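Fair warning: this is a prediction, and the values are worked out from it, not measured in the lab.
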Number of protein chains: 2
Amino acid sequence: MPSAAAEPLTPERILETTEEVLRRFGPTKATVVDVARALGVSHGSVYRHFPSKAALREAVTDRWLAKSVVMLEGIASAPGEAAPSKLESWLEALFEAKRHKAGDDPELFATYTVLLAENSGVVDTHLTELIDQLTRIIAEGVAAGTLAAPDVPAAARAVFDATGRFHDPQYVAEWFSPTITTEFEAVVALVIRGLRA
Amino acid sequence: MPSAAAEPLTPERILETTEEVLRRFGPTKATVVDVARALGVSHGSVYRHFPSKAALREAVTDRWLAKSVVMLEGIASAPGEAAPSKLESWLEALFEAKRHKAGDDPELFATYTVLLAENSGVVDTHLTELIDQLTRIIAEGVAAGTLAAPDVPAAARAVFDATGRFHDPQYVAEWFSPTITTEFEAVVALVIRGLRA
DNA sequence: CGGCTGACAGATATTGAAATCTGTCAGCCG
DNA sequence: CGGCTGACAGATTTCAATATCTGTCAGCCG
């Protein structure tokens, strides 16, 4: 057994190491035993902090998704930008973030795509958070008289659904087509026009 | 060998039998040998009409997709319906057709979903045909002054992309959620509002 | 005492040998 | 003669034996 590190074994440290192991071995080969080995502990110790491999992977997934939510929250709650323009910025930031992640490290992105498919509950929560941000932006626009929507949450959901091709990881392959930007802009323009007062 | 049928071996007959074999065995188990056996010929004879298994499966896929195109063409080219309403009818028919196919025989639908993933070229052609129909509907509306779009083909493409969740087979699982109809209507309303003159 | 270990049972994944399939073609049969 | 057959080589799939992994827990060690 490798010389024990003095650091205590915390959920946080396990999560970091799990990310690292997933990055190195991919979603199918990464095992709890690998994580334990990388931490220099027995795999039984990992089970002291997470009840199952599934729970561990779920926690990693949640952590990863949380980063985008925070970034987008910055745009959603920034004062001073009018709602229509803010809506466009938000959608562009969402697409740009996804595309960047996928382009920078395709293998890691593929790994997380697998994790996402495994953890539909976590994904649902995440999507709800994003749609909440959209709801707030649209509500702002309705209050200011620049946007119109009979049912604001439904409109937010519709905007999210309509732009799915540009944020749903199932479409990664299309995000690097030469025409994708034009297509994205056309959908965003259509959607914003549909929402204008 | 089974008693030879008098009927000549035609590409058409091979295609029908291939569909039948795919229906019975599914996309992973169906083999060229199975098709030949069902036809009462040797598998070498099948290769006389189709150069490869891939070409055979591609032809079956093409045939299947062609059916929807014909049905939707009926709506697209029907006279007497104003463009905004026709656009809505067309999108509803597309969604309804897909949902029906998927609900009636989920296994067969899953089989064709695999075939679709294998034959992206055929799918691309099919999508182009559908977007052409949309282009014609929108052009009609622009000519009549009921719709507005600076670039009609781009708008057609945007409408198709925006409604992807309701026709892309990757989303089958969601087509039977209790809220899907509401969500579909919200997206269609948003899109049509975005196109109105 | 309390966190950690490591052996264990059952579940899952890997491996390599055997079976089947794809695609070709020389020759048969009507 | 011309469409069809069936044997064949190489590629792919299947299957069962083997190895590894997951999750538990009695007991060790600091």
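A 4.5 Å side-chain heavy-atom check between A:Leu94 and A:Thr163 finds every atom pair outside the cut-off. Between B:Trp64 and B:Thr61, the closest side-chain pair of non-hydrogen atoms is not below 4.5 Å. Side-chain contact between A:Leu116 and A:Leu65: present, with at least one pair of heavy atoms (C-beta onward) separated by less than 4.5 Å. Under the 4.5 Å side-chain criterion, counting only non-hydrogen atoms from C-beta, A:Glu185 is not in contact with A:Glu88. Using a 4.5 Å heavy-atom cutoff, the side chains of A:Leu91 and A:Phe95 are not in contact.
Dashed line: the shortest gap from a side-chain N or O of A:Ser45 to OP1 or OP2 of C:dC4 is not under 4.0 Å.
One can place CG of A:Leu9 at 18 Å from P of C:dG2, the figure rounded to the nearest angstrom. Computed from coordinates, the B:Phe25 CZ to D:dT13 P distance equals 17 Å when rounded to whole Å. In this structure, CZ of B:Phe50 is placed 15 Å from P of C:dT22, rounded to the nearest angstrom. Here the C1' atom of nucleotide D:dT22 and the CZ atom of A:Arg57 are 12 Å apart, to the nearest Å. Distance A:Leu39 CG to C:dT5 P: 10 Å, rounded to the nearest Å.
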Just the atom pairs and distances: protein N or O near nucleotides 23-30 of chain C's N or O, under 3.5 Å.
{"unit_1": "C:dG23", "atom_1": "OP2", "unit_2": "B:Tyr47", "atom_2": "OH", "d": "2.8"}
{"unit_1": "C:dG23", "atom_1": "OP2", "unit_2": "B:Lys53", "atom_2": "N", "d": "2.6"}
{"unit_1": "C:dG23", "atom_1": "N7", "unit_2": "B:His43", "atom_2": "NE2", "d": "3.2"}
{"unit_1": "C:dG23", "atom_1": "O6", "unit_2": "B:His43", "atom_2": "NE2", "d": "2.9"}

Can you name the atoms? Protein N/O to nucleotides 10-20 of chain C N/O, anything below 3.5 Å, with the distance.
none

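Taking the charged nitrogens against the carboxylate oxygens, B:Glu92 and B:Arg99 have no contact shorter than 4.0 Å, which rules out a salt bridge. Taking a cutoff of 4.0 Å between a charged side-chain nitrogen and a carboxylate oxygen, A:Arg136 and A:Asp132 do not qualify as a salt bridge.
Pair assignment for C:dG30 gives D:dC1, based on Watson-Crick or G-U wobble hydrogen-bonding distances that are each under 3.5 Å. C:dC8 is paired with D:dG23 under the Watson-Crick or G-U wobble criterion, all donor-acceptor distances under 3.5 Å. D:dT14 is paired with C:dA17 under the Watson-Crick or G-U wobble criterion, all donor-acceptor distances under 3.5 Å.
Cluster annotation: B:Leu39 is not connected to B:Val33 through the hydrophobic network of ILVMFWY side chains, with a link wherever side-chain heavy atoms come within less than 4.5 Å.
A distance of 4.5 Å separates CG of A:Leu15 from CZ of A:Arg63, quoted to the nearest 0.5 Å.
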